[in-house]
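This report concerns only the one structure given below.
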2 protein chains.
Amino acid sequence: MSQHRHGSTSGEAGGVPAFPDLPEATIARLPEYLRALHHLAEAGAETVSSEGLAAAAGVNSAKLRKDLSHLGSYGTRGVGYDIALLVDQVEYILGLDKNRAVCVVGVGNLGHALAGYAGFASRGFRVVALFDADRKKVGEVINGMAVRHIDDLARVAAEETLAIGVIATPPTSAQAVADLLVAVGVTSILNFAPCVLSVPPNVDVRKVDLAIELQILSFHEHRKASLTALPGGRHDDQEAVGS
Amino acid sequence: MSQHRHGSTSGEAGGVPAFPDLPEATIARLPEYLRALHHLAEAGAETVSSEGLAAAAGVNSAKLRKDLSHLGSYGTRGVGYDIALLVDQVEYILGLDKNRAVCVVGVGNLGHALAGYAGFASRGFRVVALFDADRKKVGEVINGMAVRHIDDLARVAAEETLAIGVIATPPTSAQAVADLLVAVGVTSILNFAPCVLSVPPNVDVRKVDLAIELQILSFHEHRKASLTALPGGRHDDQEAVGS
DNA sequence: AACTGTGAACGATTTCACAGCA
DNA sequence: TGCTGTGAAATCGTTCACAGTT
């Protein structure tokens with residue numbers, strides 16, 4: 001199990017393990033599979049079928065099989081997947097064996113919550129530093145960690161490799177913070193500020209915008225309301241769009 | 001060009017315009033366009049080209065034009081889009097003119113932050129109630145609102161139509177809370193608990209999982225490391241594979 | 001000339017359906 | 001028989017490139 005042959009179709013340079021290049025959509029689902037696998041393992045299961053794992057992860061089984069097939073062949077026909085083996089594989093692919101250091105910039109409402117979020121620690125991430133630009137907040141201790149001034153970022157980065165920077169500042173400072181993070185070598189950013197960041201191409205940014213989530217739900221509420229507002233309730237299929 | 005309304009061919013009630021049925025991918029981007037439009041309006045602009053708006057929203061202009069074309073023809077060739085008009089249109093489509101009531105269930109770290117999140121109030125959402133199952137938290141006042149016991153949910157729902165329920169509980173209670181929300185008529189749920197919820201088909205659930213976001217970034221860190229670690233031959237990034 | 005709106009090409013993702021293995 | 005792994009088909013989303021409008 002220490003080797004994953006999986007000779008990706010692209011005959012890359014060297015005869016090395018080579019990183020399988022997974023579709024983005026697959027990558028985004030792997031963490032959910034992993035959570036489901038851990039859950040099953042805790043419940044004492046040793047193997048699981050694609051059907052069972054798919055149900056636990058909230059997807060359909062064909063999609064799950066296709067996703068897992070990108071990692072290699074870790075299932076047994078007629079039986080299912082070995083849970084422990086699959087957990088190892090997925091954790092390896094996601095790089096979760098590294099216990100990556102995370103810093104949070106902006107200790108407002110949200111940053112405060114993120115600093116104390118147990119879900120991070122329990123999944124291979126260590127929140128190692130909190131920063132804020134407000135000197136009144138510097139020194140405040142949250143979850144056993146003292147808030148430092150953003151000017152100390154470079155110093156902290158020199159002591160410890162920061163793998164991921166989390167931006168929880170107001171949108172007006174977010175770009176400046178992103179620039180700082182990039183300057184000290186951070187190449188992955190999770191942005192909670194409602195704005196677009198521009199960063200060099202080697203830096204990955206993911207954005208979480210809470211208001212946008214509500215707005216999307218609002219759209220669906222609006223849509224549902226406009227359907228139920230129709231006279232006769234249900235009606236046969238619609239759509240002959242295009243004029 | 002064609003009329004400003006895509007009609008579903010089925011009947012419409014009263015004066016309510018028919019609902020265009022937009023691709024999900026487009027819907028998810030509309031809030032970002034809206035934010036960019038507000039930003040431009042504050043800066044004093046009256047019109048904007050697809051190029052300009054696309055840049056402000058972080059997408060390319062072809063995609064933006066295609067997205068907006070689904071709403072109807074609100075641009076002027078040779079000129080661009082009228083910002084005020086487009087703001088109205090997008091807000092209408094997203095149903096943001098309704099000032100929807102939101103409740104937050106689970107007043108831990110994260111729920112606390114959500115209760116005080118200014119980004120909600122400023123975008124057409126009112127957080128009208130906070131719930132928790134822990135009697136020790138009931139009565140605590142957050143952001144001018146007293147935390148109520150979850151058993152009061154039905155009472156509150158009877159007084160005011162709750163459009164959206166936000167779940168910020170531990171994953172072990174999330175399904176039970178979802179069932180409660182559904183029982184009192186909530187048809188849109190924003191779930192922060194790391195678990196899959198099952199709900200009736202008329203209920204929309206969106207999930208935000210902070211650990212998953214970090215894991216996706218971790219994957220990309222891993223990938224980048226495995227690429228830069230091989231200058232031309234040997235791959236050596238001192239990590240033990242799985243087990 | 002500048003810019004939108006949109007068919008058509010392209011690419012990515014999902015689903016189907018079944019061959020092949022335990 | 002039961003279940004995975006996977007080509008092929010279907011669906012969805014993006015990008016191109018240009019006709020059409022102001």
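Letters A, B, ... are given to chains in the order of the sequence lines, protein chains preceding strands, and every chain is numbered from 1.
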Side-chain contact test, heavy atoms from C-beta onward, threshold under 4.5 Å: evaluate it for A/Ser188 versus A/Val203 and give yes or no.
no
Looking at C/dA2, I'd like to know if its phosphate oxygens (OP1 or OP2) sit under 4.0 Å from a side-chain N or O belonging to B/Tyr81.
no
Is any side-chain nitrogen or oxygen of B/Ser50 closer than 4.0 Å to OP1 or OP2 of C/dT4?
yes
So does B/Thr76 get a side-chain nitrogen or oxygen closer than 4.0 Å to the phosphate oxygens (OP1/OP2) of D/dT22?
no
Under 4.0 angstrom between A/Arg29 side-chain N/O and C/dT14 OP1 or OP2
yes
What's the CZ-P distance between A/Arg65 and C/dC16, to the nearest Å?
11 Å
Is a salt bridge present between B/Glu91 and B/Lys98, judged by a nitrogen-to-oxygen distance below 4.0 Å?
no
Could you check if a side-chain atom of B/Phe219 sits within less than 4.5 angstrom of a side-chain atom of A/Leu22, using non-hydrogen atoms only?
yes
Atom-to-atom span, CG of B/Asp21 to P of D/dG13 - whole angstrom:
11 Å
Could you tell me the separation between the CZ atom of B/Arg77 and the P atom of D/dT21, rounded to a whole number of Å?
6 Å
Taking only Lys NZ, Arg NE, NH1 and NH2, and the carboxylate oxygens of Asp or Glu, determine whether A/Lys224 and A/Glu221 approach each other closer than 4.0 Å.
yes
In whole Å, what is the span from the CG atom of A/Leu71 to the C1' atom of D/dT6?
15 Å
What is the distance, to the nearest angstrom, from the CG atom on A/Asp82 to the C1' atom on D/dG5?
17 Å
Of all the nucleotides listed (D/dG5, D/dG13, C/dA8), which has the minimum atom distance to the side chain of B/Lys66?
C/dA8
Establish, with yes or no, whether the OP1 or OP2 oxygen of C/dC3 is under 4.0 angstrom from a side-chain nitrogen or oxygen of B/Ser49.
no
Minimum heavy-atom distance B/Pro194-B/Asp209, with the two atoms named
CB-OD2, 3.3 Å
Could you tell me how far apart B/Glu51 (CD) and C/dA1 (P) are, to the nearest whole angstrom?
18 Å
Which residue lies toward the 5' end of DNA chain D, B/Glu24 or A/Val79, if each is placed at its nearest nucleotide?
A/Val79
For a quick test of reading the model: is some side-chain N or O of A/Asn60 closer than 4.0 Å to OP1 or OP2 of C/dT14?
no
Let me know the distance between CG of A/Leu64 and C1' of D/dC3, rounded to the nearest Å.
13 Å
By nearest atom, which of the nucleotides C/dG5, D/dG13, D/dG5 is closest to the B/Ser69 side chain?
C/dG5
Rounded to the nearest Å, what distance is computed from the NE2 atom of residue B/His70 to the C1' atom of nucleotide C/dG5?
11 Å
Do the side-chain N or O atoms of A/Lys63 get closer than 4.0 angstrom to the phosphate oxygens (OP1, OP2) of C/dT13?
no
